[in-house]
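For this chain, numbers begin at 1 and follow the sequence in order.
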Amino acid sequence: MLPETHNLRSGANPSSDEVVTLLLQGARFTAEHIASYGAVSPADFWYDQELPEWVMLLTGTASLGFESGTLDLQAGDYLIIPAHMKHRVTATSTDATWLALHFQP
């Protein structure tokens, strides 16, 4: 018996709302696919997450804002955001998609 396959592009429905899909969850991690569709964080909102996050921009372009500055990303760029490092999404292209891994170090 072969393992079941899935496709991140199936059922894609670009809208103005970000869509987060849980891909896999374990005792020490969560993997998500995020389709941004041009969405950004609200003006006064900052992520302040309990766990570190490895994030990769799969398609499109995006900018992440931090208290110390902004990172402009293109497809293929990835980084680790340490736990409690405040950040926000300041720009995304309409085709921006991400792979995010929240993990226990």
Residues 51-65 side chain polar contacts: donor-acceptor under 3.5 Å, at least two apart:
{"from": "Glu53", "atom 1": "OE1", "to": "Gln49", "atom 2": "NE2", "distance (Å)": "2.9"}
{"from": "Thr59", "atom 1": "OG1", "to": "Asp95", "atom 2": "O", "distance (Å)": "2.6"}
{"from": "Thr59", "atom 1": "OG1", "to": "Thr97", "atom 2": "N", "distance (Å)": "3.3"}
{"from": "Thr59", "atom 1": "OG1", "to": "Thr97", "atom 2": "OG1", "distance (Å)": "2.6"}
{"from": "Ser63", "atom 1": "OG", "to": "Asp72", "atom 2": "OD1", "distance (Å)": "2.6"}

**Request:** Look at atom CD of Gln104 and say whether more than 12 heavy atoms of other residues, nucleotides or ligands are closer to it than 6.0 Å.
**Result:** yes
**Item:** Closest contact, heavy atoms only, Ser36 versus Glu18
**Value:** OG-OE2, 3.1 Å
**Request:** State whether the number of non-hydrogen atoms from other residues, nucleotides or ligands found under 6.0 Å of Tyr78 atom OH is greater than 12.
**Result:** no
**Asked** Shared ILVMFWY cluster between Val40 and Leu71, side chains joined below 4.5 angstrom?
**Response** no
**Asked** What are the two closest heavy atoms between Lys86 and Trp46, and how far apart are they?
**Response** C-CE3, 3.7 Å
**Fill in**
In short, Thr92 meets Val89 closest at the heavy-atom pair CG2-CG1, 3.4 Å
**Asked** If Ile, Leu, Val, Met, Phe, Trp and Tyr residues are connected whenever their side-chain heavy atoms lie under 4.5 Å apart, and connections chain through other members, are Leu24 and Leu101 in the same group?
**Response** yes
**Request:** Applying side-chain hydrogen bond (donor to acceptor under 3.5 Å, both in side chains), name anything that partners His84, two or more places apart in sequence or on another chain.
**Result:** Asp48
**Prompt:** Can you name the side-chain hydrogen bond (donor to acceptor under 3.5 Å, both in side chains) partners of His102, sequence neighbours left out?
**Reply:** Glu32
**Request:** Establish whether Val20 and Phe103 are linked, either directly or via other cluster members, by ILVMFWY side-chain heavy-atom contacts under 4.5 Å.
**Result:** no
**Prompt:** Can Phe29 be reached from Trp98 by stepping across I, L, V, M, F, W or Y side chains whose heavy atoms are under 4.5 Å apart?
**Reply:** no
**Item:** Hydrophobic cluster identity match, Ile80 and Leu99, side-chain contacts under 4.5 Å
**Value:** yes
